[in-house]
> 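This is the structure, below, for whatever I ask next.
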Amino acid sequence: MSKKPILTAAEAASWVEDGVTISTSGFVASQMPEALNKALEQRFLETGSPKNLTLFYAAAQGNRDGSGADHFAHEGMLKRVVGGHYNMVPELGKLIIANKLEAYNLPQGTLSQLFRDVAAHKLGTLTHVGLNTFADPRIEGGKLNSVTTEDIVEVVEVLGQERLLYKAIPVDIAFIRGSIADENGNVTLEHECCTNEATSIAQAAKNSGGKVIVQVEKVVQAGSVDPKLVKIPGVYVDALVVCDSKEDHAQCQGCEYDGSMTGDFRVPLGSLEYPPMSAKKIIGRRAAMELEPNKVVNLGIGIPEYISMVANEEGIGDYMTLTVEAGPVGGVPQGGPKFGGSVNVEAILDQPYQFDFYDGGGVDLAFLGLAQADKEGNINVSKFGPRIAGCGGFVNITQNAKKVFFCGTFTAGGFKSHVEDGKLVVDQEGKERKLIDTVEQITFSGAYANKTGQPVKYITERAVFELRSDGVYLIEVAPGIDVQSQVIDLMGFTPKMEEGGPKLMDERIFNDGLMGLKG
């Protein structure tokens, strides 16, 4: 095999022509080819080229600091973007809201799988994921603004069953982040906390007749890389860029390298500090009561993280194996810029394979955030007025978990409370109601859940709701809370209730000391 050219980032950026489709690797603040992204941005700012690009990526790529996909956030640089998440790239979101480019938000897991199908020259990815959500073309088709008109998702019937076809998007240029490369272009990802869909992006670009450029830490002699660690074979690679900047090649943006997230070593978790009583801990305690031994669990960011804290405090942390959509299995999932990695990880899968497992019902219990819920049991976490958050892996995870629990405070925007004598006291009500008549965007479909018989609960600090075939039921209320004035009157719809009304939430939740969940 011939040696691969080693380019500067600026030289690599010159390979990108006007009007092509470019795909980049990355998951939030990790595995982003920042040297390449920066060089492409600089070239555009200096020359006005490349312009009219299509950016196609799967997961969130950025850290709300101008990194990742926000390097493409210049009017005229993009004509279209297809991505799984936008909350970490606010500048790109502003262009989308202003109708400066065509934009789509589609389920992250399905986009990661789409790269594989592009590589295989399939028509696209055929799946049930996204049915009855905003990704369904009968609802929104994933379109994010009025200038976006083309349907890139289609409803089809196969063997008498309804499915969505996410159409193939050929890739002309791939910017990928790797760890070590040999002279022949064989690339490892050994220092990455998640491998994402790097292999699939490279295959998709190569089989689309495109070019694959990989940013690495260093290049070593041919044949000196362990073949078992190679994730991108040299036959896929057209050029290498060696990045000397720690800032542009950090394991996670702004963070020191942590070998416990790559299997280099394991760290003692030490004595964990458990959170004091709060609304979030109340929610975590109630949700932890749903845990069962030997289950595969997915926890979302934010309040669901309290479930893990409570489980460890109660001594039932070993009840569950935590997984992260980016690919890690086992260990302790990390948050913030390290989201996507896990400390003391047991295995790191490629993201498409993780989502294969998720889509097939491999997750027993999923605990995700509750931003907005409505009378049909629908959840919105993806779009709020002028702010585009994006769905990320939320659709894949919630639509397919054997049981799903949405966790969040009852109101938002200044909500304050405390516990006194085993009762919940609301000190200040939040300005924003979260249980409303109709959600702005359907990220999770209550109708689809009922159709598939999926158990669904909505857990807040003062009330627990359950989705049933005939509507949303209020099934539990916190001690100290008035059902009418502090629950129903603050909702955009009237929940159903069984005769006799809701029962009280377990009193152990509202008292200091262990709840005794271990038995």
Side-chain angles (χ1 to χ4, degrees), residues 20-27 31 53-61 80-85 102-131 133 135-137 141-143 150-159 161-176 189 194-212 231-233 235-237 325-327 349-362 390-397 399-400:
V20 302
T21 296
I22 182 170
S23 290
T24 54
S25 68
F27 187 100
Q31 217 221 342
L53 301 174
T54 293
L55 175 61
F56 167 29
Y57 67 92
Q61 290 186 11
R80 173 180 288 188
V81 59
V82 181
H85 200 269
E102 299 172 6
Y104 299 83
N105 177 216
L106 300 174
Q108 173 183 318
T110 304
L111 290 180
S112 73
Q113 296 160 340
L114 183 57
F115 283 111
R116 293 190 310 197
D117 291 329
V118 170
H121 282 191
K122 295 181 181 179
L123 295 176
T125 299
L126 190 68
T127 178
H128 61 285
V129 172
L131 282 169
T133 73
D136 191 316
K143 304 181 187 76
E150 182 184 352
D151 285 326
I152 64 172
V153 183
E154 184 176 326
V155 180
V156 297
E157 187 173 299
V158 180
L159 300 177
Q161 296 191 49
E162 196 173 73
R163 291 292 184 268
L164 294 181
L165 175 66
Y166 295 80
K167 299 177 183 178
I169 304 172
V171 179
D172 300 307
I173 291 283
F175 280 0
I176 302 172
L189 273 67
C194 47
T195 55
N196 300 310
E197 60 284 340
T199 304
S200 300
I201 292 174
Q203 290 180 332
K206 180 56 64 176
N207 284 355
S208 296
K211 300 292 185 183
V212 177
K231 295 292 292 183
I232 306 173
V235 292
Y236 301 167
V237 177
E325 61 211 68
L349 305 177
D350 286 359
Q351 185 171 208
Y353 292 113
Q354 186 79 297
F355 275 106
D356 288 342
F357 184 68
Y358 284 5
D359 290 353
C391 60
F394 192 93
V395 177
N396 300 81
I397 296 165
Q399 196 171 41
N400 297 295

> If you look at every heavy atom in Q108 and N396, which pair is closest and at what distance?
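Heavy atoms of Q108 and N396 come nearest at N-OD1, 3.9 Å.
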
> Could you tell me whether a side-chain N or O of N105 sits under 3.5 Å from a main-chain N or O of G84, the two making a donor and an acceptor?
yes

> I'd like to know if the side chain of S25 pairs up with that of N196 as donor and acceptor (distance under 3.5 Å, no hydrogens or angles considered).
no

> side-chain hydrogen bond (donor to acceptor under 3.5 Å, both in side chains) with D359: which of Q113, Q399, H128?
Q113

> Just jot down the side chain to side chain contact (heavy atoms under 4.5 Å, CB included) partners of F357, sequence neighbours excluded, or say none.
V296

> Could you measure the distance from the CG atom of L114 to the NZ atom of K122? Nearest 0.5 Å is fine.
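Nearest 0.5 Å value for the CG-NZ distance: 11.0 Å.
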
> Which pair of heavy atoms, one from H85 and one from Y57, lies closest together, and at what distance?
O-OH, 2.9 Å

> Mind checking side chain to side chain contact (heavy atoms under 4.5 Å, CB included) for E150 and listing every partner two or more places apart, or none if nothing turns up?
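For E150, the residues satisfying side chain to side chain contact (heavy atoms under 4.5 Å, CB included) (neighbours in sequence not counted) are R80, Y104, I152.
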
> Could you pull out the closest heavy-atom pair between A198 and I176, with the gap in Å?
O-CD1, 3.7 Å

> Got a sec, which residues hit salt bridge (charged side-chain N to carboxylate O under 4.0 Å, His left out) with D356, two or more places apart in sequence or on another chain?
R116

> Please identify each residue that fulfils salt bridge (charged side-chain N to carboxylate O under 4.0 Å, His left out) with K211, with sequence neighbours left out.
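Counting only residues at least two positions away or on another chain, K211 forms no salt bridge (charged side-chain N to carboxylate O under 4.0 Å, His left out).
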
> Which residues pass the side chain to side chain contact (heavy atoms under 4.5 Å, CB included) test with L126, not counting sequence neighbours?
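Scan of L126 (side chain to side chain contact (heavy atoms under 4.5 Å, CB included), adjacent residues dropped) gives V156, V158, R163, L165.
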
> Using the side chain to side chain contact (heavy atoms under 4.5 Å, CB included) criterion, which residues pair with D136? Sequence neighbours excluded.
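Testing D136 for side chain to side chain contact (heavy atoms under 4.5 Å, CB included), a comparison that skips the adjacent residues, returns L131, R138, I139, V155, L164.
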
